[in-house]
Amino acid sequence: MKMNDSCKLPLTAACLFILAIGAPIPSKAGVGGGSGKPNTPYANTDKVNEEDLVKVKAISARCRDATVPFNRPDIPPKVKHLALVAAKGDKIAGELVYKFEGKDEAGKPSSVDFSDVKEFKLIRFQEKDCLLEIVIFPTIAPKDLLEKKPSYSELAANFISSVRLWVQVDTAAGDLAITGEDWDGKREFVAKVRDIKPNTVISVDYGRSKEMRGSGDAIWFATESVIKDPKYPHRLFFAK
């Protein structure tokens, strides 16, 4: 499925994201791989089971980070552990949501879990809704990942797609808003979705969670067959 024109989207989180939770990990390699150590949340990547993948995938949805282009210069662009929520003014008024929910261009209810989002773009508003274009990666279920054992290159070539989704931004519960976490992990209001600059690609990254005890970022698909690929881009570089 594909998306239309110009819109604004729901994002979440409110601060700079710190990769290091106990180890000096300054940066990651970009797409194309590198010589750094593969970043994975699994201690034994060759012994990962479906239950492990499902658990980390759920954690991944709750700890995605992004740099969000806002129309207002007073809003910090760095968002840690993004989440969507209904808000009244600048006060959180609803439950946190870690997925994009709405209707596709055919009017069918649809949703995209944050753990499956590679990037997205706000296209345009139409009355109370916003049209989003979302790149989904990887489009593979945990069970199939274990059975097919694809390399990262195979995932990148064959398990990626895009979808256009109409998301309601003006609701009875309040305005759809972005929230994030501060340095201490406290959830805070960041901005309304309407404050996001349209037609700008927003890439999301994998964050770290205490639920995984600092073993690595919540890259749920980082199994043995995936991280062995030299093209695997998520790598750790330790300070000397």
Side-chain angles (χ1 to χ4, degrees), residues 1-17 31 60-137 139 160-181 187-207:
M1 292 184 272
K2 295 188 176 180
M3 292 174 78
N4 273 337
D5 280 64
S6 79
C7 155
K8 291 192 174 185
L9 221 98
L11 261 181
T12 75
C15 305
L16 277 156
F17 171 58
V31 174
S60 179
R62 300 192 294 270
C63 55
R64 301 304 300 275
D65 305 324
T67 299
V68 187
F70 291 109
N71 277 319
R72 293 170 48 188
D74 60 312
I75 305 176
K78 297 291 185 179
V79 176
K80 177 184 176 182
H81 293 184
L82 31 123
L84 298 177
V85 71
K88 298 285 189 180
D90 61 355
K91 304 296 182 181
I92 295 174
E95 296 295 322
L96 299 177
V97 177
Y98 298 96
K99 59 184 174 182
F100 294 125
E101 298 179 288
K103 294 182 178 180
D104 62 22
E105 292 183 294
K108 181 181 178 181
S110 184
S111 67
V112 180
D113 190 79
F114 279 1
S115 64
D116 297 324
V117 176
K118 178 179 176 63
E119 63 185 38
F120 65 92
K121 179 166 60 176
L122 314 176
I123 306 300
R124 64 184 170 90
F125 285 104
Q126 181 173 295
E127 297 179 349
K128 295 183 178 182
D129 299 327
C130 170
L131 180 63
L132 309 178
E133 185 169 59
I134 307 164
V135 176
I136 304 172
F137 176 81
T139 57
I160 187 169
S161 67
S162 66
V163 61
R164 288 193 170 192
L165 204 62
W166 283 100
V167 176
Q168 189 173 3
V169 293
D170 297 333
T171 73
D175 299 312
L176 188 63
I178 297 168
T179 71
E181 291 183 354
R187 181 63 58 175
E188 293 186 339
F189 172 90
V190 176
K192 295 179 180 179
V193 169
R194 288 189 179 276
D195 289 321
I196 298 175
K197 188 179 298 183
N199 292 310
T200 301
V201 173
I202 301 170
S203 297
V204 293
D205 202 355
Y206 297 93

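Scored by the salt bridge (Lys or Arg N to Asp or Glu O under 4.0 Å) test, D170 finds R194 as partners (sequence neighbours excluded). Legend: residues meeting salt bridge (Lys or Arg N to Asp or Glu O under 4.0 Å) with E119, ordered by chain and number and at least two apart, are absent. With sequence neighbours excluded, the residues that form a salt bridge (Lys or Arg N to Asp or Glu O under 4.0 Å) with K99 are E101.
Residue K121 holds its NZ atom at 10.5 Å from CG of L131, rounded to the nearest 0.5 Å. Interatomic distance, T139 OG1 to K118 NZ, rounded to the nearest 0.5 Å: 12.0 Å. Note that OG of S115 and OH of Y206 are 8.0 Å apart. Values are rounded to the nearest 0.5 Å. Between the SG atom in C63 and the OH atom in Y98 there is a gap of 9.5 Å [rounded to 0.5 Å]. Separating the CG atom in D205 from the OG atom in S203 is a distance of 9.0 Å, to the nearest 0.5 Å. Here the NZ-NZ distance, from K108 to K103, works out to 13.0 Å after rounding to the nearest 0.5 Å.
For the pair I160 and V135, the minimum side-chain heavy-atom distance is below 4.5 Å. Side-chain contact between I202 and I196 is present, with at least one heavy-atom pair separated by less than 4.5 Å. With a 4.5 Å cut-off on side-chain heavy atoms, I134 and F100 count as touching. F70 has its side chain within reach of I178: a pair of non-hydrogen atoms, C-beta onward, lies under 4.5 Å apart. The shortest distance between side-chain heavy atoms of L176 and T171 does not fall below 4.5 Å. Side-chain contact between V85 and L96: present, with at least one pair of heavy atoms (C-beta onward) separated by less than 4.5 Å. The shortest distance between side-chain heavy atoms of S111 and L165 does not fall below 4.5 Å.
Across I92 and E188, no two heavy atoms sit closer than the pair CD1-C, 4.3 Å. Between K88 and A93, the shortest heavy-atom distance links the atoms CG-CB, 3.7 Å. What you find for D113 and A61 is that their closest heavy atoms are OD2-CB, 3.3 Å.
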TODO: Could you walk me through whether V204 and F114 pass side-chain contact (heavy atoms from CB on, under 4.5 Å), step by step?
DONE: CA-CA 9 Å; V204 293; F114 279 1; over 6 Å; no
TODO: Check the pair V112, F120 against side-chain contact (heavy atoms from CB on, under 4.5 Å), reporting the backbone distance first and the verdict last.
DONE: CA-CA 11 Å; V112 180; F120 65 92; over 6 Å; no
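Of the options R64, R62, R187, a side chain to side chain contact (heavy atoms under 4.5 Å, CB included) to H81 is made by R187 and by none of the others.
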